K.L.:
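The following block contains the structure, expressed as structure tokens.
Source: prediction; values computed, not measured. When reading the values below, keep in mind they use all heavy atoms of this one structure, side chains included, and skip hydrogens, waters and symmetry mates. Every chain is numbered from 1 and lettered A, B, ... according to where its sequence line falls, protein lines coming before strand lines.
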There are 2 protein chains.
Amino acid sequence: MAELSEEKKETSKLRKSDATRARIVEAARERFRKEGFERTTIRKVAGDAGIDPSMVMRYFESKRGLFDAAMTVELRIPDLSRHPRDKLGEAIITHFLKRWEEPDADSLQLLLRSSASNEEAAERLRGVFRDQIVALVGRLRGSEADAREVASLIATQTVGLAYTRYVLKLPPLVAMPHETIIKVIGATIQRYLTEPLPKAGGQDPSR
Amino acid sequence: MAELSEEKKETSKLRKSDATRARIVEAARERFRKEGFERTTIRKVAGDAGIDPSMVMRYFESKRGLFDAAMTVELRIPDLSRHPRDKLGEAIITHFLKRWEEPDADSLQLLLRSSASNEEAAERLRGVFRDQIVALVGRLRGSEADAREVASLIATQTVGLAYTRYVLKLPPLVAMPHETIIKVIGATIQRYLTEPLPKAGGQDPSR
DNA sequence: AAGATATGCCAACAGTTGTTGGCTTTTATC
DNA sequence: GATAAAAGCCAACAACTGTTGGCATATCTT
């Protein structure tokens, strides 16, 4: 007879419910992305996933818990340490376009859209900036000095491109070929990355 | 005895209710901006304006009608025809910062935030781009050629700055002095405005 | 096979929402 | 002052929401 084997709990077996759980998260991500937090209802998500609304509650505790589970973002920034230093801007925008047009860019859209009206989402997006973009800039410049400022300038340009092209869908931008975007905006990123920051604090700059 | 005078209808008298109407719109704008469309309730707006919820319905017909009335945006772009042509980028960003930090920048914030999850707001923002930014670029460049493309590139940078600094409130950007922003981002706008667009369509640019 | 545990559905509660109709009070018109 | 219209409030409806408890089935453990 086998004796008690409680230590096996840690080994993560593939539970049957994991599939359902994944189905719910996927359905939730799509709903949240397309319709926002408030207009997404647990009943609709449950319907999409083909199960009962009460199951969503059991798995994720609350609507907010489901939202948290749906928002997980990885920029998947590649290793750029061997790239020619004068082509980093283009490389970053190239990766950016690729990442945003992958089939699973849903989570990026979800986070960006939600951050406009949901403080929790905004905080998470600030976390992505802090942990992934600032870190990248520090690596590329080989120094922590001004990394936050330079990274935030790069963020204005990349977030702006994401918003206008993928959220707002401004027609001229949607139609603009990768080649043009990479050249023009790549040059901007390159400049932010390598040009020294003008130090503020001279005489009154206005007039 | 005075006879029937129906033709006076056209002269717009100052009705007493206009004040109330204005108070409602103002309250609605603030609520919509801070809490978004769904989380804003007619009862709360009416409470802020100090009247009964049913009055809101009588004045604006529906919640969507109230939302429409609250969203009205004027960029108030000044006349730049006499500015030195090599300082237009800085001038645009200078005006941009001033406009976004005015007390009545509420409507800008409202429109930008709402456009993330509300298709009607997004369409209105695209209208602002079409009617005000493209027009500005056409004027400054003295030609309609490429105006839409150039304007859309400028939009990526300005919308991005607005979003990261005023919506997302990325700390390094919030702390960044006007002087620095004007110099660094002004140079980008200047470049988009004056540099010729690279024409796409050469050999395959990837690899 | 028996028991326990996980997975599922059904039905309902309690609160909030946009919206409406009817009633009173103020204001304007004759 | 009488009359009509405008401006206001109150109370309620009907729909929808997140959430919960109870009960059935399936799956795993022993």
K.L.:
Between C:dT7, C:dG18, D:dT19, which nucleotide gets closest to the side-chain atoms of A:R58?
P.N.:
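It is C:dT7.
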
K.L.:
Rounded to whole Å, how long is the line connecting atom OH of A:Y59 with atom P of C:dA6?
P.N.:
11 Å

K.L.:
Parallel, tilted or perpendicular: which fits the ring planes of B:F32 and B:F37, with parallel below 30° and perpendicular above 60°?
P.N.:
parallel

K.L.:
How close or far is atom P of D:dA26 from atom CD1 of A:I51, stated in whole angstroms?
P.N.:
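Rounding to the nearest Å, CD1 of A:I51 and P of D:dA26 are 18 Å apart.
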
K.L.:
Take atom NZ of B:K44 and atom P of C:dT17, then tell me their distance rounded to the nearest Å.
P.N.:
7 Å

K.L.:
Which one of B:R33, B:R31, B:R29 satisfies the salt bridge (Lys or Arg N to Asp or Glu O under 4.0 Å) criterion with B:D106?
P.N.:
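Option passing the salt bridge (Lys or Arg N to Asp or Glu O under 4.0 Å) with B:D106: B:R33.
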
K.L.:
A:Q109 side chain to A:Y166 main-chain N or O, any donor-acceptor pair under 3.5 Å?
P.N.:
yes

K.L.:
With a 4.0 Å cut-off on N to O distance, would you call A:E123 and A:R130 a salt bridge?
P.N.:
yes

K.L.:
Expressed in angstrom and rounded to an integer, what is the separation of A:L66 atom CG from D:dT19 atom P?
P.N.:
10 Å

K.L.:
Side chain to side chain donor-acceptor pair (under 3.5 Å), that's the test. Do B:R191 and A:T188 meet it? Break it down for me.
P.N.:
CA-CA 9 Å; B:R191 199 161 57 75; A:T188 299; 2.4 Å; yes

K.L.:
Charged N to carboxylate O below 4.0 Å: is that the case for A:K183 and A:E179?
P.N.:
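A salt bridge links A:K183 with A:E179.
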
K.L.:
Quick check on contacts: within residues 23-38 of chain B, what sits under 4.0 Å from DNA chain C by heavy-atom distance?
P.N.:
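Contacts with DNA chain C under 4.0 Å: none.
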
K.L.:
Atom CE of A:M55 to atom P of D:dG18: distance rounded to whole Å?
P.N.:
17 Å

K.L.:
Would you kindly give the CD-to-C1' distance between A:E61 and D:dG18, to the nearest whole Å?
P.N.:
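Distance, rounded to whole Å: 13 Å.
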
K.L.:
Find the distance B:R39:CZ to C:dT16:P and express it as a whole number of Å.
P.N.:
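After rounding, the reported distance stands at 15 Å.
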
K.L.:
Would you find more than 12 non-hydrogen atoms of other residues, nucleotides or ligands less than 6.0 Å from A:R148 atom CZ?
P.N.:
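Counting other residues, nucleotides and ligands, CZ of A:R148 stays at 12 neighbours or fewer.
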
K.L.:
How about B:E26: does its CD atom have over 12 heavy atoms from other parts shown lying under 6.0 Å from it?
P.N.:
no

K.L.:
A:I42 has an atom CD1; how far is it from atom C1' of C:dG15, in whole Å?
P.N.:
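To the nearest whole Å, that distance equals 15 Å.
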
K.L.:
Would you mind checking if A:K169 and B:E119 are paired as a salt bridge, meaning a charged N to carboxylate O distance below 4.0 Å?
P.N.:
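Not counted as a salt bridge, because no side-chain N and carboxylate O are separated by less than 4.0 Å.
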
K.L.:
Quick one: what's the B/S/- string for nucleotides 10-16 of chain D, heavy-atom cutoff under 4.0 Å, read 5' to 3'?
P.N.:
B-B----

K.L.:
Looking only at the side chain of A:M57 (C-beta and beyond, no hydrogens), which of the listed nucleotides C:dT19, D:dT19, D:dG8 gets closest?
P.N.:
D:dT19

